[in-house]
There are 2 protein chains.
Amino acid sequence: MATATLERPETRTGAPCCAPSAASATVTEPEAEEYAAWFKALADPTRIRILNLLARSEEPLCVCDIVDRFPLGQPAISHHLKILRDVRFVHSERRGTFMYYRVNRACLGEFPEAARRLLNA
Amino acid sequence: MATATLERPETRTGAPCCAPSAASATVTEPEAEEYAAWFKALADPTRIRILNLLARSEEPLCVCDIVDRFPLGQPAISHHLKILRDVRFVHSERRGTFMYYRVNRACLGEFPEAARRLLNA
DNA sequence: CAAATGCATCGACAAACGTCAATGTATCCA
DNA sequence: TGGATACATTGACGTTTGTCGATGCATTTG
């Protein structure tokens with residue numbers, strides 16, 4: 001899957017986050033693909049746990065911190081982190097040779113509200 | 001995937017819906033699989049649009065009504081409806097030879113809140 | 001009962017996903 | 001400059017997913 005598929009105009013123009021300002025109206029096919037991409041990023045137990053781990057951590061965590069907590073190899077963890085980064089659920093920041101990850105609170109905060117508008121119309 | 005995987009004790013004992021009463025604590029691996037199953041059910045554009053269609057409809061819709069709105073065959077639509085039923089996002093009811101589907105408001109209402117507790121800890 | 005209708009299920013197939021081992025890249029340090 | 005460290009990327013593999021055509025089942029109607 002191409003990364004560009006998950007990058008929306010709003011994000012490229014500097015909008016803080018994810019919500020496509022969905023009114024409680026009909027969801028078009030492009031919008032549906034966008035929503036599905038967000039849900040797909042959460043459709044794996046490991047990513048759920050990584051995200052919860054980052055959400056509950058005061059400090060950003062480096063990749064090796066995360067690898068230590070899972071029975072998976074480092075490439076698998078990096079793969080999941082990339083998926084979470086592509087949909088803007090997490091941010092990453094270099095510190096020397098370390099990459100520190102933290103949740104994108106603006107994005108995760110808007111996500112449940114977007115889900116509500118979508119499903120609870 | 002077996003249907004039984006998506007049936008949690010609460011649903012079997014008559015609880016209204018989905019939320020596993022997740023405090024804002026560490027998500028265990030079984031809990032993560034449960035959450036992932038819900039998100040997985042929403043990780044497809046067609047299911048997003050089916051769910052939005054049902055959510056915006058006052059009246060329940062039969063399968064042929066839904067089939068008419070998508071460029072997919074009837075087996076594909078039935079397949080997606082089964083996935084949405086397995087996670088309790090929709091209900092189905094027979095009327096003669098027709099199967100009428102409607103959203104499970106209790107479930108879809110709790111889902112965003114569960115997502116918030118999970119991600120916005 | 002028999003035919004017709006609406007939907008579910010099955011079998012098959014291509015595409016996507018998750019994982020690992022191996023390798024590449026960037027940064028720090030001696 | 002060269003080695004070591006932390007992470008990303010690649011290629012391969014088995015599993016899962018989404019779709020279709022064909023078929024089966026339940027219900028209504030003649």
Side-chain angles (χ1 to χ4, degrees), chain A residues 1-6 29 32-33 35-51 53-54 59-87 90-102, chain B residues 1-6 29 32-33 35-51 53-54 59-87 90-102:
Chain A
M1 176 197 307
T3 296
T5 305
L6 301 174
E29 206 270 348
E33 286 186 9
Y35 278 110
W38 301 342
F39 288 120
K40 199 177 303 185
L42 301 176
D44 181 273
T46 299
R47 289 197 291 273
I48 292 284
R49 296 186 67 192
I50 290 177
L51 210 50
L53 178 64
L54 292 173
E59 303 296 325
L61 300 178
C62 67
V63 177
C64 57
D65 286 338
I66 303 171
V67 169
D68 287 344
R69 308 226 194 184
F70 293 89
L72 294 180
Q74 171 264 316
I77 299 294
S78 281
H79 169 69
H80 288 307
L81 286 170
K82 173 175 172 46
I83 291 173
L84 293 174
R85 252 190 310 128
D86 285 342
V87 294
V90 302
H91 284 148
S92 59
E93 174 197 357
R94 274 212 97 96
R95 297 186 195 172
T97 61
F98 294 80
M99 287 290 291
Y100 278 85
Y101 282 81
R102 59 188 166 83
Chain B
M1 176 197 306
T3 295
T5 305
L6 301 174
E29 207 270 348
E33 286 187 7
Y35 278 110
W38 302 342
F39 289 119
K40 199 177 305 185
L42 301 176
D44 180 273
T46 300
R47 289 196 290 274
I48 292 284
R49 295 186 66 193
I50 290 176
L51 210 50
L53 178 64
L54 292 174
E59 303 296 325
L61 299 178
C62 66
V63 177
C64 56
D65 287 337
I66 303 172
V67 169
D68 287 344
R69 308 227 193 184
F70 293 89
L72 294 180
Q74 171 264 315
I77 299 296
S78 280
H79 169 67
H80 289 306
L81 286 170
K82 173 175 172 47
I83 291 175
L84 293 174
R85 254 190 308 130
D86 285 343
V87 292
V90 302
H91 284 147
S92 58
E93 173 197 359
R94 271 211 99 94
R95 297 186 193 172
T97 62
F98 293 81
M99 287 290 291
Y100 277 86
Y101 281 82
R102 58 189 168 82

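Naming: A, B, ... by sequence-line order, numbering from 1 per chain.
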Quiz item: A/Q74 side-chain donor-acceptor pair to D/dA6 base, under 3.5 Å
no
Rounded to whole Å, please give me the gap between NZ in B/K82 and C1' in D/dT19.
17 Å
How many Å lie between CG on A/L61 and P on D/dA6, as a whole number?
15 Å
For the side chain of B/C64, starting at C-beta, report the closest nucleotide among D/dA8, C/dC7, C/dC20.
C/dC7
Whole angstrom is fine here: how far is it from CG in A/D44 over to P in D/dT16?
13 Å
Where do B/K40 and B/R47 come nearest, in terms of heavy atoms and distance?
O-NH2, 3.1 Å
Output the single nucleotide from D/dA8, C/dC17, C/dC7 whose closest atom is nearest the side chain of A/R85.
D/dA8
Given D/dT17, is OP1 or OP2 found less than 4.0 Å from the side-chain N or O atoms of B/H80?
no
Does some side-chain heavy atom of A/I66 sit less than 4.5 Å from a side-chain heavy atom of A/L81?
yes
Touch class at under 4.0 angstrom, heavy-atom based, for B/Y100 against every strand present
nothing
Roughly, in whole Å, what's the span from CE in B/M99 to P in C/dT9?
9 Å
What integer distance in Å separates B/I48:CD1 from D/dT17:P?
16 Å
What are the two closest non-hydrogen atoms of A/V67 and A/Q74, and how far apart are they?
CG2-CA, 3.9 Å
DNA chain C nearest-nucleotide lookup for A/P71 and B/L81: closer to the 5′ end is B/L81
Cationic N near anionic O, under 4.0 Å, A/D86 to A/K82:
yes
For the residue pair B/C64 and B/F98, what are the closest heavy atoms and their distance?
SG-CE2, 4.1 Å
B/F70 side chain reached by B/L53 side chain, heavy atoms, under 4.5 Å
yes
B/F98 side-chain proximity, nearest of C/dC7, C/dC20, C/dC17:
C/dC7
Within this structure, what is the CG-to-C1' distance between B/L84 and D/dT17, rounded to whole angstrom?
14 Å
Please report, rounded to the nearest Å, how far the P atom of C/dG18 is from the CG atom of A/L42.
12 Å
Please classify the nucleic acid contact of A/H79 as base, sugar-phosphate, or nothing, using heavy-atom distances under 4.0 Å.
base
A/Y101 OH to D/dA6 C1': how many Å, rounded?
11 Å
Would you say A/M99 and A/S78 make side-chain contact, with heavy atoms under 4.5 Å?
no
Check: protein-nucleotides 25-30 of chain C nitrogen or oxygen pairs below 3.5 Å:
none

Please examine the side chains of B/L84 and B/Y101, heavy atoms only from C-beta on, and report whether any two atoms are closer than 4.5 Å.
no
Does A/L72 reach a base, just sugar-phosphate, or nothing at all? Heavy atoms under 4.0 Å.
sugar-phosphate
Proximal nucleotide (of D/dA8, D/dT17, D/dA22) relative to the B/K40 side chain
D/dT17
